[in-house]
Amino acid sequence: MNSLAIIGVDVVDCTGAPTRERQDVLVEDGRITSVAPSGTAAAASSNSGIVIDGAGLTLVPGLMDAHAHVALLGSDGTHGDLPWAEHVLQVVDVIGRALDEGFTTLRDACGTEPIFATLVASGRVRGPRILPSGSVLSQTGGHGDLRPAHHGGSRPPTIPGLVARPEVVDGVDAVMRMTREQLRRGATQIKMFAGGGALSPTDPLESVQFTVDEIRAAVTVARSWGTYVHTHCHTKPTMHNALDAGVRCIEHGTDMDEETADRIVAEGVFVVPTLSVSHDLLQAREAAGITPAQIAKLESMQGRRDEGMRVMVERGVKMASGSDIVGPVQDRRGRELTYKAAVIGNERALVAATRTTAELIGRADDLGTVEIGKIADLVLTDGNPLDDIEALADPVRIQYVVQGGRVVRDQRSATATAA
Ligand SMILES: [Zn+2]
């Protein structure tokens with residue numbers, strides 16, 4: 001039996017309970033078996049496995065990013081243009097870095113070939129569990145149709161087993177076929193662009209993409225496979241189309257208002273606001289070659305999105321957490337929590353990135369909180385994130401990461417060895 005004891009740690013369990021100071025947390029065969037005031041659990045002394053001194057540290061559930069793009073290595077949000085061997089190595093780096101920063105689960109919101117999830121699950125690549133959407137479905141001229149307006153012909157293809165490029169499909173039959181194809185290749189849920197984006201080459205932000213019938217076709221196929229559809233939506237008409245079609249999750253949700261929020265609550269749908277991506281673009285505006293008109297658009301979207309998040313909190317929308325970060329480095333993934341905390345507070349930002357994302361991916365029984373019986377995906381950080389959210393945003397402060405009961409990052413021993 002593999003066991004782990006974390007002694008004397010402050011626990012933020014993300015169930016809504018207040019911080020419990022100086023607890024012993026015991027783990028056997030990958031699951032949490034006890035959380036009790038330090039020194040009271042007999043198992044701590046009889047434990048023959050690994051012991052971590054958690055004094056002065058805070059333990060939280062493993063973090064989750066419900067909107068990752070680990071294979072979109074171009075700073076413009078495309079796959080970039082590395083030689084394929086280098087591309088694969090870089091994706092592996094990005095995945096490993098996410099784990100070191102305390103992320104034990106990534107739902108990949110398109111672009112990543114499901115083989116990467118398989119390689120992690122089989123232990124051949126070090127990283128968080130990955131739930132890949134595979135190739136995103138886009139209509140012709142939609143957010144995933146990356147041809148410039150003056151290019152007519154074909155787009156660079158998806159290469160199964162290597163790269164999952166956007167798939168452009170039109171009409172109910174084509175959507176059904178492509179949804180089945182994504183599921184066959186290992187997608188765990190289906191992603192669709194249901195409206196325009198801020199920076200894609202030809203589609204207006206306000207455009208509504210796919211008909212309700214087309215989205216519903218994907219929903220029908222996904223449900224019959226036991227999974228769901230999530231849709232990129234910034235505007236209100238796109239959100240209502242997606243709701244009419246029966247999606248489980250709305251990405252971005254920028255123009256949320258009370259009417260839409262109430263409908264989302266009534267239908268049990270999740271929303272994943274993504275803050276890091278627009279902060280990144282505005283910070284790197286010159287390097288990214290963004291025009292003044294695009295900057296104005298991004299700033300206006302940020303204001304509407306922050307207001308929309310306040311509406312979601314007030315109306316009780318289930319808000320999960322996604323970063324939408326892209327590019328070659330993808331570090332400081334936890335900064336999404338800092339940006340969210342500035343709008344909705346530290347605890348809500350942390351719960352979004354743990355418990356609510358676990359509910360969204362259908363793993364609430366196993367993941368998302370520190371409770372007896374759950375999988376021991378845990379993070380020990382220097383500082384209590386309920387008081388200081390930077391304790392999760394600054395990777396240097398992440399002291400230990402535990403994945404399924406195994407210690408996969410040990411910053412203290414690493415520092416001691418280096419000294
Ligand atoms: Zn995205």
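Start at 1 and go down the list; that is how both ligands and their atoms are numbered. Note that the structure is predicted; figures quoted are calculated from it, not measured. Position 1 is the first residue of the sequence, and the numbers go up from there.
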Closest to the Zn ion (ligand 1), among the N/O/S atoms of D324, is atom OD1
| Any side-chain donor-acceptor pair under 3.5 Å between H67 and E251? | yes
Salt-bridge test for D394 and R397: reply yes if a basic N is under 4.0 Å from a carboxylate O, no otherwise. no
Would you mind reporting whether V311 and D257 have side-chain heavy atoms less than 4.5 Å apart? no
Practice prompt. Assess H232: does it contribute an N, O or S atom lying under 2.8 Å from the Zn ion (ligand 1)?
Written response: no
> Does any N, O or S atom of H69, backbone or side chain, fall under 2.8 Å from the Zn ion (ligand 1)?
Replying inline: yes
Original post:
Side-chain donor-acceptor pair under 3.5 Å between D255 and H234, yes or no?
Top reply: no
